[in-house]
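Chain letters run A, B, ... following the sequence lines, proteins first, then strands; residues in each count from 1.
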2 protein chains.
Amino acid sequence: MRKGDETRERILEIAEMSVLAKGFAATWIEEIIAEAGITKSGFFYHFKDKNELAHIMLKRYVCANDRVFDDVIERGHQLSDDPLQAFLISLKLLAEVMSDLPNGHPGCLIACICYQERQFDREVLNLTARSVEAWNARFRAILDNIALEHPPRDPIDFDDVADMLSCVVDGSIIMSKALNDPSRIERQVMAFRSFIKLLFSSTPQIRVPMPNSTGARERSTDRARAYASTVLIKNSRPSGSTCVRRSW
Amino acid sequence: MRKGDETRERILEIAEMSVLAKGFAATWIEEIIAEAGITKSGFFYHFKDKNELAHIMLKRYVCANDRVFDDVIERGHQLSDDPLQAFLISLKLLAEVMSDLPNGHPGCLIACICYQERQFDREVLNLTARSVEAWNARFRAILDNIALEHPPRDPIDFDDVADMLSCVVDGSIIMSKALNDPSRIERQVMAFRSFIKLLFSSTPQIRVPMPNSTGARERSTDRARAYASTVLIKNSRPSGSTCVRRSW
DNA sequence: CCGAAACCGTACCGGCGGTACAGTATACCG
DNA sequence: CGGTATACTGTACCGCCGGTACGGTTTCGG
């Protein structure tokens, strides 16, 4: 029963990469099985049809994402007792994780499915909706916690601020794909972090602006990245579940 | 030559809606021609193949988006001489336009293409990249203009702030599709507006927060919407070009 | 040694993309 | 009035891929 799971996992990984790069309809089963080194019969032994493949693929993706959030948020809380500081740390860690991928971020399966929604059944679409809601609620709870100690500087609805993180990440993944520049994701998460900082910081920190900095974008986070990666990996789950791979 | 253009436009509109709802590969030509009331020969008379359809569709989309931005930014400048206020007005108008669609926002073609990139040729992908870059540069220029009169309260790179608008819009479109809630787009653009306000406002406006507002989201913009729509439409192009339909 | 799990091989159908090409209706233009 | 370009229609066909069916084979644990 172990060898079957391994093949299954290999199929899912190949299929997900293909779906994120070409779309669901354009992902041919024949291509998947060629890359996985199995036959068509082998494929249909594991998945009764393409729709079941999509369903299991999505579940796997959501699971992986949840674990990444668990890790990042947990590490934030370990490194600071202040809820604001903890969240800011978590966001930095998230930014690192998101851009710590060799060939750029492959894409968000939820977004991918949303742009091909008429190809999927209700079950799949409901799972995407419930996943997004769960993540939003999670961020919302964090913001509520922060507000108990740090009054916000703008009467904005926290639901919208919570939603914004998902939006920024999904949007930046698209931009990173469109411009072939993986660093956009990290930069956007950090921009959202600035928003959180501005929203909750009590001391107005008016620093020296950079009015005409048109020039090249510079990587300012190399040291921080090395640090954060160490911190994050240190406490991540031992191994076993291949579920923790990336987020979004 | 006029009747041909009309048919062509009808095909493009149907195809775009289908692509945004099902993806490119799953958009069958037979379905398009059935809905357009023509034959397969008629389709291939206008477009030599599916790839050419994609290319022209994308050009049309980018053109429509540019016009929406032109309108919104122009109206902002007409309504205030202060660059910050003008941009805040433009953002509010943009929020209105984005959510002023009967069946929710159909989706962003750029994002849709990015999630099916391996289906398209270099020409199409280059056009998406150049479009995104142009929009980012446009927002960046606006921010530079604002900073001349309003020093920012955080040393964040303006390129990232400019990128953020595109990211928030694209991300919120996905969320609106995933949750079947068109209002998310408007709310997210307004959240970005709050960020801009916080970033550039000189007088720290610490208002009464709403610490535990867990309850239902309320529509606070009905009056403003009616106003903004009027303002926007008033100065929009007379007609002719069916290009101005929606943004993103 | 038996039986379940995990495949392989082959054959086949149907749907869709795309090509080819001949024919037709309409409008404008000289 | 005739001709020519535009804007299609109609039919026929190929090839590829998704999906089904079903029988055979290997591997491995008990």
Which atoms form the tightest heavy-atom contact between Pro182(B) and Ser99(B), and what is the distance?
O-CB, 4.3 Å
For Tyr115(B) and Cys108(A) the tightest heavy-atom approach is OH-N, 2.8 Å
Arg138(A): what forms a side-chain contact (heavy atoms from CB on, under 4.5 Å) with it, not counting sequence neighbours?
Phe69(A), Asp70(A), Ile73(A)
So, the side chain of Lys50(A) versus the backbone of Thr27(A): is there a donor-acceptor pair under 3.5 Å, distance only?
yes
Backbone of His55(B) reached by a side-chain donor or acceptor of Glu123(B) within 3.5 Å:
no
Tell me: [atom1] of [X] to [atom2] of [N], nearest whole Å?
X        : N       : atom1 : atom2 : answer
Phe24(B) : dC16(C) : CZ    : P     : 16 Å
Glu6(A)  : dC28(D) : CD    : C1'   : 15 Å
Trp28(A) : dG15(D) : CH2   : C1'   : 13 Å
Phe47(B) : dC8(D)  : CZ    : P     : 11 Å
Glu9(A)  : dA6(C)  : CD    : P     : 15 Å
Phe43(B) : dG10(D) : CZ    : P     : 18 Å
Ile38(B) : dG10(D) : CD1   : P     : 12 Å
Lys50(A) : dG15(C) : NZ    : P     : 17 Å

From Asn136(B) atom CG to Arg140(B) atom CZ, the distance as rounded to the nearest 0.5 Å
11.0 Å
Taking 4.0 Å as the cut-off, does a side-chain nitrogen or oxygen of [X] come that near to OP1 or OP2 on [N]?
X        : N      : value
His46(A) : dC7(C) : yes
Thr7(B)  : dA7(D) : no
Tyr45(A) : dC7(C) : no

To the side chain of Glu30(B), which of dG10(D), dC17(D), dG17(C) is closest?
dG17(C)
Under the side chain to side chain contact (heavy atoms under 4.5 Å, CB included) criterion, do Val132(A) and Asp163(A) qualify, and how do the steps go?
CA-CA 9 Å; Val132(A) 173; Asp163(A) 290 3; over 6 Å; no
Steps toward side chain to side chain contact (heavy atoms under 4.5 Å, CB included) verdict (Met98(B), Ile173(B))
CA-CA 9 Å; Met98(B) 297 286 300; Ile173(B) 290 172; 4.1 Å; yes
Take Trp135(A) and Asn65(A), measure what side chain to side chain donor-acceptor pair (under 3.5 Å) needs, and give me the verdict at the end.
CA-CA 10 Å; Trp135(A) 294 330; Asn65(A) 248 14; over 6 Å; no
Does this structure show an ion pair linking [X] with [Y], if we count only N-O contacts that are shorter than 4.0 Å?
X         : Y        : answer
Arg60(B)  : Glu13(B) : yes
Asp5(A)   : Arg8(A)  : no
Glu117(B) : Lys22(A) : no

Selection: residues 116-125 of chain A, any non-hydrogen atom under 4.0 Å of DNA chain C
none
Sub-4.0 Å heavy-atom contacts from residues 51-58 of chain B onto DNA chain C, ordered by number:
none
So which protein nitrogen or oxygen atoms get under 3.5 Å of nucleotides 26-28 of chain C's nitrogens or oxygens?
none

For nucleotides 19-21 of chain C, tabulate all protein N/O to nucleotide N/O atom pairs closer than 3.5 Å, reporting atom names and distance.
none

Looking at residues at least two apart in the chain, or sitting in another chain, which of them share a salt bridge (charged side-chain N to carboxylate O under 4.0 Å, His left out) with Lys40(A)?
Glu30(A)
For Phe195(B) together with Phe192(A), are the ring centres under 6.0 Å from each other?
no
